[in-house]
Amino acid sequence: MSQSKNKKVRIALFDFADCEGCQLQVTYLNDQLVGLLEHCEIVNFREAISERSDDYDIALVEGSITRKHDEERVKKIRENAKILIAYGSCACIGGVNGLRKKFTQEEAKDIVYKGREFPIDVGEPRPVHEVVKVDYFIYGCPTNNEETIKALKSILIGKGYTPPRYPVCVECKLKENVCLFEKGQVCLGPVTRGGCGAWCTSYGNTCYGCRGLLDKPAQEGQMDILKKNGYTLEELKQKFETYNLCRMMGEQNATEKS
Amino acid sequence: MRYVSLQKDKLPQFVNSLQKKYKVVAPVKKENLFVFATIEDPEEVELDYMPTILPPKKYFLPQHEKLGSFVKDNVAMADTNIDVEPTVLFGAHTCDIEGIECLDIVFHDTPADPYFGRRKKSIIIIGYECMKPCDEYSTCVTMDTLNPRAGYDIMITDIGDKYILYINSPEGMGIIGKNPIFGKVENERDVKTKLLKLREDKVKNFKVQIDADYKELNKIFGTSYNSKTWQDVGKRCVSCGNCTAVCPTCYCFDINDEVKLDMSGGKRERVWDSCQLDEFAMVTGGENFRKERSSRQRHRYYRKFDYSVKKYSKFFCVGCGRCTRTCMADISLIETVNELAKEHKNAK
């Protein structure tokens, strides 16, 4: 984006329904923040500073949007910001908050707040782009600082940022990991958007699909792989629900309607 | 002196002597598989190994390679020299050495790539000859990469009771030098005959899996561009890019400019890319020249069996079997090529 010589780009961070872990990642940027602050100033960052401002250029929105009140708040942020970035899984794909969709509002209230008398406002968890226009997405649970920095730099110089469209397997193989399917585990790597540097699978974990389903998964091929390894689509879906229920329910509803 | 011998129990000593002057990279175990890695202890070296997950191309064409840097308001590239630590690639199979030969041809084609050239010059290759087949996926017999030919400095052959080392370059000679751990070979002609006999015999243990010989392969690909086989392969492919990452001769890369956070400058970096990924053949405006997985897979095969033959008179498949071994969707090079061979035969 363009900027005059003296004016710094004003960045604001906001959180909605989430654990604030992705904001915490920003604090871990340590000395990299110093470089960033040559050209930017952070004007809203509840996790780290007390100041507040409604005057900002870039808004990093963390968390999924649930209640009516949140909807209004994020719309206001959209109005104020020149660029809005959905930051982290909850903001980009709904994330773990999507699990709420397995229940009705009443059931969910009953499970979590049983016996509480005060009124509790709950809503439908949604990724940010279902409520307002999102310019850029930084995926991950939590976000990967290497990618965050790369994305911010690209956005600051006006190039924009497109996250990888390939699966986690690409980066996993470059790390020379032994494929988890070969070890008899269900890994979501083949159907999950890469860009994390195969974070989990390089440390002995399976992929949990936190960066969301690929835009264009090869359905037939993926089914073959599952079958070959003795897994059903149901088993895969169950694992995929952890982060992706918002999209899965959305697609299900769309199919039912059509 | 072209041959020396080495007692088997002296191999760690040999590796140790190399470590004094070089970084030594060799096959080591990783869970149930193998990878090339820098050796700390000579005992880590596993000479009886299956092809590693990634081929040794990673030392000649790193996954991330800095090509130079630039500063704000000056577009000229600076800092383009690379320092490569003198390295010995130890225990490379003949198929992998052939893979490095393929890269060497490509990167020395005009305009020659100085980065690859520098790395190639800094890496001494000590091969280890396969005496038995690795598994059912390799096609080294058909691709004619089973025996040592060229592209190495020293070749180690296990002749039963000891190793014979063939010295193939002045660099190789420099390594053997006057090191007392090596035994003198009395009659070089006898050794040569013995090795030839050994190779004649060992090939019998290798199963020929491709239903076409070396010379026919190119003709088969000449008539296979519109084969329905590509649709079948495309249906199964999930575009994970594993086949290209593990291929010893896949060298496609992307180049990225990374600016520093304070925007005062940045660096230019080369990274591995893959023709199997959706965005590989996408250009500005969104047009994608190989949108379908079938066309991307076909492209990969043609890069190995057709285009390279036309351009460099050389197959770019070295028969290591890695692409088949790594494919989650079980896309088999042997099955694909045999399917094409069958169609080609029937069409005649």
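Given the structure is predicted, the values throughout are model-derived calculations rather than measurements. Lettering follows sequence order; numbering is per chain, from 1.
Both the backbone and the side chain of B:Leu54 have a heavy atom closer than 4.5 Å to some heavy atom of chain A. Of the atoms belonging to B:Cys243, not a single heavy atom falls under 4.5 Å from chain A.
Residues A:Pro167 and B:Cys240 meet the side-chain proximity criterion, which asks for heavy atoms closer than 4.5 Å.
Taking CE of B:Met263 as the reference point, atom CG of A:Leu156 lies at 4.5 Å (rounded to 0.5 Å). One finds the CG atom of B:Leu261 at 9.5 Å from the CG atom of A:Leu37 (value rounded to the nearest 0.5 Å).
Taking the side-chain contact (heavy atoms from CB on, under 4.5 Å) definition, one finds that A:Glu234 meets it with A:Thr232, A:Lys237, sequence neighbours left out. Under the ring-ring contact (aromatic ring centres under 6.0 Å, His included) criterion, A:Tyr139 pairs with A:Phe137, sequence neighbours left out. For the side-chain hydrogen bond (donor to acceptor under 3.5 Å, both in side chains) test, residues two or more places apart in sequence or in another chain that qualify with A:Tyr87 are A:Thr143.
Environment of CD in A:Gln238: sparse, with no more than 12 heavy atoms of neighbouring residues, nucleotides or ligands closer than 6.0 Å.
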Cross-interface N/O pairs, chain A with chain B, donor-acceptor, under 3.5 angstrom:
{"from": "A:His39", "atom 1": "NE2", "to": "B:Asp262", "atom 2": "O", "distance (Å)": "2.6"}
{"from": "A:Lys153", "atom 1": "NZ", "to": "B:Glu258", "atom 2": "OE1", "distance (Å)": "3.2"}
{"from": "A:Lys153", "atom 1": "NZ", "to": "B:Val259", "atom 2": "O", "distance (Å)": "2.7"}
{"from": "A:Arg165", "atom 1": "N", "to": "B:Glu279", "atom 2": "OE2", "distance (Å)": "3.3"}
{"from": "A:Arg165", "atom 1": "NH2", "to": "B:Asp278", "atom 2": "OD2", "distance (Å)": "2.4"}
{"from": "A:Lys173", "atom 1": "NZ", "to": "B:Thr326", "atom 2": "OG1", "distance (Å)": "2.9"}
{"from": "A:Leu174", "atom 1": "O", "to": "B:Gln63", "atom 2": "NE2", "distance (Å)": "2.8"}
{"from": "A:Glu176", "atom 1": "O", "to": "B:Lys30", "atom 2": "NZ", "distance (Å)": "2.8"}
{"from": "A:Glu176", "atom 1": "OE1", "to": "B:Leu54", "atom 2": "N", "distance (Å)": "2.9"}
{"from": "A:Glu176", "atom 1": "OE2", "to": "B:Lys58", "atom 2": "NZ", "distance (Å)": "2.4"}
{"from": "A:Lys183", "atom 1": "NZ", "to": "B:Glu31", "atom 2": "OE1", "distance (Å)": "2.5"}
{"from": "A:Lys183", "atom 1": "NZ", "to": "B:Glu31", "atom 2": "OE2", "distance (Å)": "3.4"}
{"from": "A:Lys216", "atom 1": "O", "to": "B:Arg293", "atom 2": "NH2", "distance (Å)": "2.8"}
{"from": "A:Lys216", "atom 1": "NZ", "to": "B:Asp278", "atom 2": "OD1", "distance (Å)": "3.4"}
{"from": "A:Lys216", "atom 1": "NZ", "to": "B:Asp278", "atom 2": "OD2", "distance (Å)": "3.3"}
{"from": "A:Gly221", "atom 1": "N", "to": "B:Lys235", "atom 2": "O", "distance (Å)": "3.4"}
{"from": "A:Lys228", "atom 1": "NZ", "to": "B:Met328", "atom 2": "O", "distance (Å)": "2.5"}
{"from": "A:Lys228", "atom 1": "NZ", "to": "B:Asp330", "atom 2": "OD1", "distance (Å)": "3.0"}

